[in-house]
Amino acid sequence: MKSSKRYLLTSALPYANGALHLGHLAGAYLPADVYARYLRLRGRDIVFVCGSDEHGAAITMRAKKEGINPQEIIDKYHTLNKSTFEKLGISFDYYHRTSSDLHKQTAQEFFLKLYEQGDQFEEHTSAQYYDEEFDQFLADRYIKGTCPKCGYEEAYGDQCENCGSALSPTELINPVSTISGNNPVLRETKHWYFKLDKHEEWLREWIADGTINGKVHHDAKAWKKHVVGQCLSWLDSGLQPRSITRDLDWGIPVPLPDAEGKVLYVWFDAPIGYISATKQWALDNDKNWEDYWKGGDDLELIHFIGKDNIVFHCIVFPAMLQAHGEYNLPINVPANQFLNFEGQKFSKSRGWGIEQHEYLEAFRDFPNKEDALRYALIRNMPENRDSDFKWDEFIDFHDKELADNLGNFLNRISVLTVKYYEGAVPLAGSRWPAPLAEVGTLLDKWVEELEGFSFKAACQLVMEISSAGNTFLQDVSPWKIWKDDPENQQVKDCLFSCLQIAGLLSIIISPFTPATAEKIRTILGLPTLQNGDLELAIQSWKDQLPLLPSGHLIGEPEILFAKINNKKDTSLLAIVEKQKEQLQVILEEESQKEQAPLKELINFDDFSKLDLRTGTIISSEKVPKANKLLKLEVDLGFEKRTIVSGIAEYFEADKIVGKRVLLVANLAPRKLKGIESQGMILMAENEKGELGFVSPPEGWPEGFPVR
RNA sequence: GGCGCGGUAGCUCAGCUGGUUAGAGCGCGUGAUUCAUAAUCCCGAGGUCGGGAGUUCAAGUCUCCCCCGCGCUACCA
């Protein structure tokens, strides 16, 4: 590992349309921060950037709905997210925003560079809906209409929320602009497409082998399996040109003369935000941004993201960078999987989960709340598969590892040092007591895990080192010896060694819990950590030189972490319990949720239009290439019907033959997967979406009407 | 339906290119200890490595089939 290397770390740009929850933190920000802090402690030359992603139709949509300016939305969430990251100790060197002038200029330049090459883009003209009153093209989401598939009248131009079908706006029946309420007209519009397909071949080689034209770029085996797997799967299904412009008035104008009213698609400009953030940082710190983006072999670019962003950061953005020609490609994209919350997915609408700023607020009276959270999330990080955040585990990690193991160790040795030696580090008999060599082995492993982005394992190693300290202290039991012989050398050696271990802990825990690290430093009478301190410590350990020399005066013993499970003081437990109760309330409310509201009244004529009949299923088979469909033959007595029914998830085909059913016999026929369905089976559906047959009374034959 | 990733002790997970009696933490059971935040330390009990077949001298690790979970995608109420 050359120390001359420069590192550029990025965390996924949060969309400035909402607050971030613990899953985001565990997925993209904490791991990057851990790594950034680690590299700084090793004295490496690094920049860690992030920023708010502030363009896109979703923000303008919301602004429209709430009757405010998009600027208000992005200002609100940019400020909120930026300050929350700061409070949680996410140590970005720069937190930028894509609405800045510098970003606009950077993104436009990038676009133009590709445009001028002539072979990276293609133009397509197509007919899209246009709102004549507001004089603008309508993004898919701005159009509502009747779903051609299920008849739902409030379907959006990209998707019907009733039946879930993916739609294109031109499929909608009676399309209506959501801004004016008028029917939009079709108008020709031109868009630019990035020819991603051109890049397929080198991308495959780059991802599968880590080489470009046979030249080694990175170690392909160092990439996470799920990252490589997902990318190769995408490449195998073939890349398509991607549209990179939109008709919108919110975003970065396409810098071409014939592009009035067009902006860069948010997915195109967002990753360029990494570049503009670096530029702004460089301007403010008198550096050259190009050293971190165009650094050749001495540069490591690393993107920290969640798994939802894999394809974008491993295929699309690298293709953009490569097409541009001057930029380095990422050396790794250690994407994390998803974090669940008490066994279920985070859900804003359900209120399931806790957002970062809500946590800080709810835990405002909780000491070390930032580090407690960071620690629990790191120990639970979804590095290779989805993981689960539980409050009970939060308590366990806090009490058993931070308080009992680490905090107590520190308290034990600081109290003993003060009591026996008035706070001065004793003189060791042998130069480097044996236990310290064992710790050195653990330290090597710790470095290895961090370098391989295994933060969970590295974090556990910190505890192992603390444990090693406890074990050693227990083995020697200096309090027993000291009673009879206060000047005993074994006692001095023991505390000397333990103090060295504590000194090391104050450094190696810093990437995970930076505030705690400083507290430990204070207790040990050590100065605030500086960049490069870890490098020095590793060297000292190798050279068998103490971090706390004999005679060094430590500070006052202090409780590092007050336990949550404390019989005398239940205030901390109460804070956590409150969170658990809130979840309980949500679950209870949902379980007794009212039934769906009744539909509007119909009259008798409406009802009599339905022709419901009794029948029997006489054959049943699964429809190929469909998960939910069964093809049924139903006997009505006077005739047999073919009915395609979406019940395959709940019933096996051969087990429902002979089933007595009710059906709608006069429903207009419709083709499903090429089979004409001539009616519909009546099913009851519960809150979980499970289906059950509604059957005629015992002994009733086929074909009778139901009224 | 297609593709990707996962399924290892009660729980959470580690096990690189196949190689001695499958590991850690928590929990559980014992014992020791009191410097310390009723903390700490020792020892122990727990696993047909999702199921089945195969390749091999040897498989948790490779191949095939099946089952389950998550994600993407297609289709669909």
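Bear in mind that the values here come from a model prediction, so they are computed numbers and not experimental data. Convention: sequence-line order gives letters A, B, ...; per-chain numbering from 1.
Annotation: B:C62 and B:U8 have their P atoms spaced 16 Å apart (nearest Å). Of the P atoms belonging to B:A59 and B:A22, the separation is 13 Å, rounded to the nearest Å. As rounded to the nearest Å, B:G27 and B:A38 have P atoms that lie 16 Å from one another.
Note on A:L232: nothing from the nucleic acid sits closer than 4.0 angstrom, heavy atoms only. In this structure, A:D386 reaches the sugar-phosphate backbone alone: every heavy-atom distance under 4.0 Å involves primed, P, OP1 or OP2 atoms, never a base. Nucleic acid contact for A:K480: sugar-phosphate only, since backbone atoms but no base atoms lie under 4.0 Å from a heavy atom of the residue. Using a 4.0 Å heavy-atom distance criterion, A:Y420 is classed as making no nucleic acid contact. Using a 4.0 Å heavy-atom cutoff across all strands shown, A:K221 reaches no nucleic acid atom at all.
Taking a cutoff of 4.0 Å between a charged side-chain nitrogen and a carboxylate oxygen, A:D392 and A:K390 do not qualify as a salt bridge. The pair A:K580-A:E577 counts as a salt bridge, with a side-chain nitrogen and a carboxylate oxygen less than 4.0 angstrom apart.
Distance from the side chain of A:L560 is smallest to B:U37 among B:C70, B:U37, B:C35. Side-chain atoms of A:Q230 lie closest to B:G4 of the nucleotides B:G4, B:G25, B:C35. When distances run from any side-chain atom of A:D404 to the nucleotides B:U40, B:C72, B:A36, the shortest one goes to B:U40. Side chain of A:K419, nearest nucleotide from B:C35, B:U40, B:C42: B:C35. When the nucleotides B:U40, B:C41, B:C35 are ranked by their closest atom to the side chain of A:D475, B:C41 comes out on top. Side-chain proximity of A:W479 to B:C42, B:U33, B:U37: nearest is B:U33. When distances run from any side-chain atom of A:L473 to the nucleotides B:C35, B:G25, B:C5, the shortest one goes to B:C35.
Distances shown here put a side-chain N or O of A:S467 below 4.0 Å from the OP1 or OP2 atom of B:C41. Between A:K456 and B:G25 there is no side-chain polar atom (N or O) within less than 4.0 angstrom of OP1 or OP2. The side chain of A:K225 contributes an N or O atom lying less than 4.0 Å from OP1 or OP2 of B:G6. Side-chain N/O atoms of A:K563 include one lying less than 4.0 angstrom from OP1 or OP2 on B:A39. Using a 4.0 Å cut-off, some side-chain N or O of A:R385 falls inside it from OP1 or OP2 of B:G7. Under 4.0 angstrom from either OP1 or OP2 of B:A14 there lies at least one side-chain N or O belonging to A:N384.
Side chain to side chain, A:K224 and A:N336 meet the donor-acceptor criterion of an N or O pair below 3.5 Å.
In this structure, B:A74 makes no Watson-Crick or G-U wobble pair, since no nucleotide meets both defining distances under 3.5 angstrom.
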